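When a ligand or atom number is given, it counts from 1 through the structure's own listing order. For clarity, every value in this text was computed on a predicted model and none was experimentally measured.
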Amino acid sequence: MALLVVRGLRVRYPGAQEDALRGVDLELAPGEFVCVLGPSGAGKSTLIRCINRLVEPASGQIIWDGHDAMRLKGAHLLAYRRQIGMIFQEFHLVDRLPVLANVLMGRFGYVSPWQAAIGRYGPQEVAWARQALARVGLAGYELRRARDLSGGQRQRVAIARALVQRPRLMLGDEPVSNLDPVTARAIMALLAEINRRDGLTMLINLHSVDLARAFATRVIGLSRGQVAFDGPPSRVDRSVLEQVYGTAG
Ligand SMILES: Nc1ncnc2c1ncn2[C@@H]1O[C@H](COP(=O)(O)OP(=O)(O)O)[C@@H](O)[C@H]1O
Ligand SMILES: [Mg+2]
């Protein structure tokens, strides 16, 4: 069964003249590594925000594991979001806090609000956080301040924070756009390794066609709020790029 089904998703932001998404259909099977390409403004970020229920679509369906995710509220919405890890272009770490504290924030949805507020996590949570840091190649960095790390290391911390959620889906909104090309490739390789070893399904927005070709098991091209291409990376050729980006490239 599909992990996630998106049907007829239509989004219009308040005050906008046009829809940001104009009927997007998409099915994700468990274990896929999907990269979403498309020019600025195509709707890549909006798609991710809809899936995570941060933006309310005007119409359409989001079905998670066979259940309607659009109706979820309160504790059910929290439980849904726990299953979805997020990584961002800007990392979204708390710079003044140590790396370990940042990773533990991934457990936020699991502990009680007062525990989270006073930063009280149990030994099991701390053990998981340390394991996640080792997994992303940052064993020994637990007590370093986030602000003292390089961009690539900061994104690794953010990936560890998402992993301690024990997610079933990882959403990435251009997670390598702020990194130099060598570091960007290393982070994509890490995500691909996690995808293969853990079977963690990935939906990653990307700026770079080359990285999508190198790491995705499937590429989706968004153009002006619509799916203009959906297929294997081997089929992403010049004419597909013209369809998606609207130029000869
Ligand atoms: N918060 C917002 N309010 C109004 N319009 C928005 C907002 N966010 C995005 N948009 C518009 O929605 C469209 C899709 O944007 P976005 O999803 O950010 O595209 P992408 O991530 O592919 O660059 C664009 O036309 C953009 O200007
Ligand atoms: Mg975006």
Side-chain angles (χ1 to χ4, degrees), residues 4-28 32-62 64 69-70 77 81 84-93 151-152 154-155 158-159 161-162 167 169-181 183-185 187-188 191 201-213 215-216 218-231 233 236 240-249:
L4 178 80
V5 180
V6 170
R7 271 202 209 116
L9 205 63
R10 194 169 283 279
V11 171
R12 177 160 310 189
Y13 288 102
Q17 300 296 310
E18 280 186 31
D19 289 344
L21 293 182
R22 302 187 293 152
V24 168
D25 294 300
L26 157 70
E27 254 185 54
L28 282 187
E32 286 194 283
F33 191 139
V34 179
C35 289
V36 181
L37 294 172
S40 289
K44 303 182 296 296
S45 298
T46 302
L47 175 61
I48 275 187
R49 289 188 207 121
C50 278
I51 292 171
N52 209 20
R53 293 281 318 274
L54 298 169
V55 164
E56 206 64 17
S59 59
Q61 286 180 297
I62 297 173
W64 173 258
M70 295 298 304
L77 181 55
R81 288 202 178 120
I84 301 178
M86 290 271 283
I87 50 175
F88 306 91
Q89 183 173 349
E90 308 288 349
F91 320 128
H92 292 187
L93 302 181
R154 287 151 69 84
Q155 195 58 286
I159 292 167
R161 178 182 57 192
L169 173 64
M170 179 84 97
L171 298 177
D173 199 357
E174 300 203 27
V176 300
S177 292
N178 263 351
L179 304 174
D180 67 76
T183 306
R185 186 164 277 270
I187 293 293
M188 287 301 290
L191 292 174
T201 311
M202 304 260 174
L203 184 72
I204 309 289
N205 293 343
L206 278 187
H207 220 66
S208 158
V209 175
D210 289 341
L211 289 178
R213 277 196 184 120
F215 292 101
R218 174 179 163 201
V219 172
I220 290 176
L222 272 188
S223 173
R224 302 188 60 214
Q226 287 183 311
V227 175
F229 173 81
D230 186 349
V236 179
V240 164
L241 293 177
E242 273 174 36
Q243 269 169 45
V244 173
Y245 289 94
T247 64

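- Under the 4.5 Å side-chain criterion, counting only non-hydrogen atoms from C-beta, Val176 is not in contact with Gln155.
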Distances under 3.5 Å, N/O of ligand 1 against N/O of the protein: list each pair and its distance.
{"residue": "ligand 1", "atom": "17 (O)", "partner": "Thr46", "partner atom": "N", "Å": "2.9"}
{"residue": "ligand 1", "atom": "17 (O)", "partner": "Thr46", "partner atom": "OG1", "Å": "2.5"}
{"residue": "ligand 1", "atom": "19 (O)", "partner": "Gly43", "partner atom": "N", "Å": "3.1"}
{"residue": "ligand 1", "atom": "21 (O)", "partner": "Ser45", "partner atom": "N", "Å": "2.9"}
{"residue": "ligand 1", "atom": "21 (O)", "partner": "Ser45", "partner atom": "OG", "Å": "2.8"}
{"residue": "ligand 1", "atom": "22 (O)", "partner": "Ala42", "partner atom": "N", "Å": "3.2"}
{"residue": "ligand 1", "atom": "22 (O)", "partner": "Gly43", "partner atom": "N", "Å": "3.0"}
{"residue": "ligand 1", "atom": "22 (O)", "partner": "Lys44", "partner atom": "N", "Å": "2.9"}
{"residue": "ligand 1", "atom": "22 (O)", "partner": "Lys44", "partner atom": "NZ", "Å": "2.8"}
{"residue": "ligand 1", "atom": "23 (O)", "partner": "Gly41", "partner atom": "N", "Å": "2.7"}

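- Annotation: protein N, O or S atoms under 2.8 Å of the Mg ion (ligand 2) (waters excluded) comprise Ser45 OG.
- Classification of Asp230 and Arg218 as a salt-bridged pair holds, one side-chain N sitting under 4.0 Å from a carboxylate O.
- For the pair Leu206 and Cys35, the tightest heavy-atom approach, listed with the atom from each and the gap, is CD1-SG, 3.6 Å.
- Side-chain contact check for Ile48 versus Met86: some heavy-atom pair is nearer than 4.5 Å.
- Taking 4.5 Å as the limit, every side-chain heavy atom of Val227 sits out of range of all side-chain heavy atoms of Asp25.
- With sequence neighbours left out, the side-chain hydrogen bond (donor to acceptor under 3.5 Å, both in side chains) criterion links Ser223 to no other residue.
- Using a 4.5 Å heavy-atom threshold, the side chains of Val55 and Tyr13 count as touching.
- Within a 6.0 Å sphere centred on CZ of Arg53, heavy atoms belonging to other residues, nucleotides or ligands number more than 12.
- Partners of Arg81 by side-chain hydrogen bond (donor to acceptor under 3.5 Å, both in side chains), not counting sequence neighbours: none found.
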